[in-house]
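Structure record follows, encoded as structure tokens.
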Amino acid sequence: MALDSVTIRAEFPILAQEVNGRPLVYLDNAATTQKPLAVLDASRRYYEEINANIHRGTHHLARAATSAHEAARETVAKHLNAAETAEVIFTAGTTDSINLVASILTLSPGDEVLISTLEHHSNIVPWQMLCERSGATLKVIPVHDDGTLDQEAFRGLLTERTKVTAFNWISNAFGTVNPVLEMVAAAKSAGSLVLIDAAQAAPHLAIDVQALGADFVALSGHKVYAPTGIGVLWGKRAVLDALPPWRGGGEMIKEVTFEKTTYNELPFKYEAGTPNIEGAIALAAALDFVHGIGIEAISAHEKKLIAAAAEGLSSLPGVKLYGPADRAGALSFAIEGVHHYDLGTLIDQMGVAVRTGHHCCQPLMARFGITGTTRASFAVYNTAEEVEALVTAVDRACSMLR
Ligand code: PMP
């Protein structure tokens, strides 16, 4: 069933504005999504009605804030089909989640960490830091010219030395959807721990962590209609229970003496300090918003828009699209003789917001011999008219720049 764009867009007040005298066409959703009223209301209600620090409080507001925070955790657990709510750790976002995992693992010289060429810097640098610390080696799955990972090479790189395998579900740069189920199964049968960067999957796909079979899944709230500063690390209990804590401080302890500290149970063991209480509550509201529409309906809607954008842009002279035809979320392109930065700046003058540059994927850009692309990325509230506006703006900008 087609989405009712008018009703959906009415949920997002920010979209009603004009930019440079033109209706805003917001196509930078892979960077961050806009927030619906349900999320804004949840944040506001939290501060208007129940703001207090959570856990251990004896007073009414502390109890109300604690139960809202823990109810939010349950909503996330249900959304991810986690076996237990305690496997959901609130973090500041995907970057924070991946750093958490890379920081609690201990590797030795000779061990290997396997990532892919498609990774965002936040799924590269924490592993490089772990390798530097431990003497382990970073290995990289190559990518084909069409922006899909070389699965044969991946299988060849998996050995008994592979201790961690980390890759994204959907590439933020090219929109490539990786065959995660097969990749996780292969890495698990090689005996590796597996982390999935689901930052771009969360807004476009249903995530079932039990079906996925990975050990860790990381995501950011702000890419799925929630505020910035809140994210999730889902981790298998058996794996996290056996690993040490990360940051030390309040909340993550059972008992502290100057001689020795004992640590709290999951999920609190990994949640030192006062968390982003409002963020967690707003994230739950965002996931409820997504459920209200249905992730399948959202993704079918976006797929149509991406296909129309790909068709419209490739009909323009000199346009090269990156990534496979079956992409999700993002569409990256380059135009012969036109710098992506100039293009982005000019189409902003026409009200169209896209991202240009390396998209935090410098090694991927280097692999393709480019410094960056122009990326249009889609969300539930985008429309076919906006795709037309994008294509028209790009066409006009090109004739001005050439
Ligand atoms: N991984 C991917 C695939 C992403 O798209 C992003 C955000 N662009 C990140 C990781 C990092 O997310 P955050 O900045 O929210 O921590």
Side-chain angles (χ1 to χ4, degrees), residues 26-35 39 76 89-103 115-129 140-141 143 147-149 164-178 180 183 194-205 207 212 214 216-234 246 275-276 279-280 282-283 286-287 302 306 322-323 327-332 353-365 367 372-379:
Y26 185 79
L27 296 174
D28 194 18
N29 296 287
T32 200
T33 52
Q34 302 302 345
K35 319 306 171 197
V39 168
V76 175
I89 296 155
F90 284 123
T91 65
T94 306
T95 305
D96 198 33
S97 298
I98 298 172
N99 275 280
L100 193 170
V101 176
S103 301
I115 61 171
S116 92
T117 309
L118 283 174
E119 299 317 308
H120 186 282
H121 295 161
S122 71
N123 204 23
I124 300 174
V125 184
W127 304 117
Q128 282 177 325
M129 291 162 78
V140 185
I141 308 164
V143 67
T148 60
L149 290 179
V164 190
T165 306
F167 49 87
N168 62 42
W169 190 330
I170 298 179
S171 153
N172 63 302
F174 288 174
T176 310
V177 184
N178 288 316
V180 281
M183 289 180 73
V194 181
L195 179 141
I196 303 294
D197 170 353
Q200 297 296 337
H204 308 297
L205 294 174
I207 300 176
L212 199 53
F216 309 103
V217 174
L219 59 92
S220 297
H222 71 98
K223 312 253 186 210
V224 59
Y225 310 108
T228 51
I230 186 74
V232 173
L233 173 69
W234 168 85
W246 183 30
N276 182 350
L283 171 59
L287 297 179
E302 293 164 342
I306 291 199
Y322 288 92
R327 38 176 95 70
L331 172 65
S332 248
V354 293
R355 186 139 301 233
T356 64
H358 55 61
H359 316 297
C360 294
C361 296
Q362 284 182 339
L364 178 66
M365 298 298 128
R367 152 67 179 84
T373 68
T374 302
R375 180 188 72 186
S377 54
F378 299 85

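Everything quoted here is computed from the prediction, not taken from an experiment. In each ligand, atom 1 is the first atom listed, and ligand 1 is the first ligand listed.
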Ligand 1 atoms in contact with [X] (distance to a heavy atom under 4.0 Å):
X    : answer
Q200 : 3 (C), 4 (C), 5 (O)
S122 : 1 (N), 9 (C), 10 (C), 11 (C)
S220 : 12 (O), 13 (P), 15 (O), 16 (O)

Query raised in the report: Do S220 side-chain atoms and H222 backbone N/O form a donor-acceptor pair below 3.5 Å?
Result: no
Between atom [atom1] of [X] and atom [atom2] of [Y], what is the distance when rounded to the nearest 0.5 Å?
X    : Y    : atom1 : atom2 : result
S377 : H204 : OG    : NE2   : 7.5 Å
T356 : R375 : OG1   : CZ    : 10.0 Å
I196 : L219 : CD1   : CG    : 12.0 Å

Query raised in the report: How close does the nearest protein non-hydrogen atom get to atom 4 (C) of ligand 1, and which residue and atom is it?
Result: H120 CD2, 3.5 Å
**Report entry** Nearest-option assignment for atom 13 (P) of ligand 1, heavy atoms, candidates T228, I98, T95
**Finding:** T95
Report summary line: Heavy-atom proximity to atom 3 (C) of ligand 1 ranks first, among T91, T94, D197, for D197
Requested in this report: Tell me, please: is C360 in heavy-atom contact with ligand 1, that is, under 4.0 Å?
Outcome: no
Query raised in the report: Are side-chain heavy atoms of F174 and T148 found at a separation under 4.5 Å?
Result: no
Report task. Evaluate the ring planes of H358 and H121, with Trp represented by its six-membered ring, and classify them as parallel (under 30°), tilted (30 to 60°) or perpendicular (over 60°). Result -> tilted
Query - Location of contacts on H222 toward ligand 1, heavy atoms closer than 4.0 Å - result: side chain
Query - Within reach of ligand 1, part of E119 (heavy-atom separation under 4.0 Å) - result: neither
Requested in this report: For ligand 1, find out whether one of its N or O atoms is nearer than 3.5 Å to an N or O atom of K223.
Outcome: yes
Report task. Please report the closest heavy-atom contact between V177 and A328, naming both atoms and the distance. Result -> CG2-CB, 3.6 Å
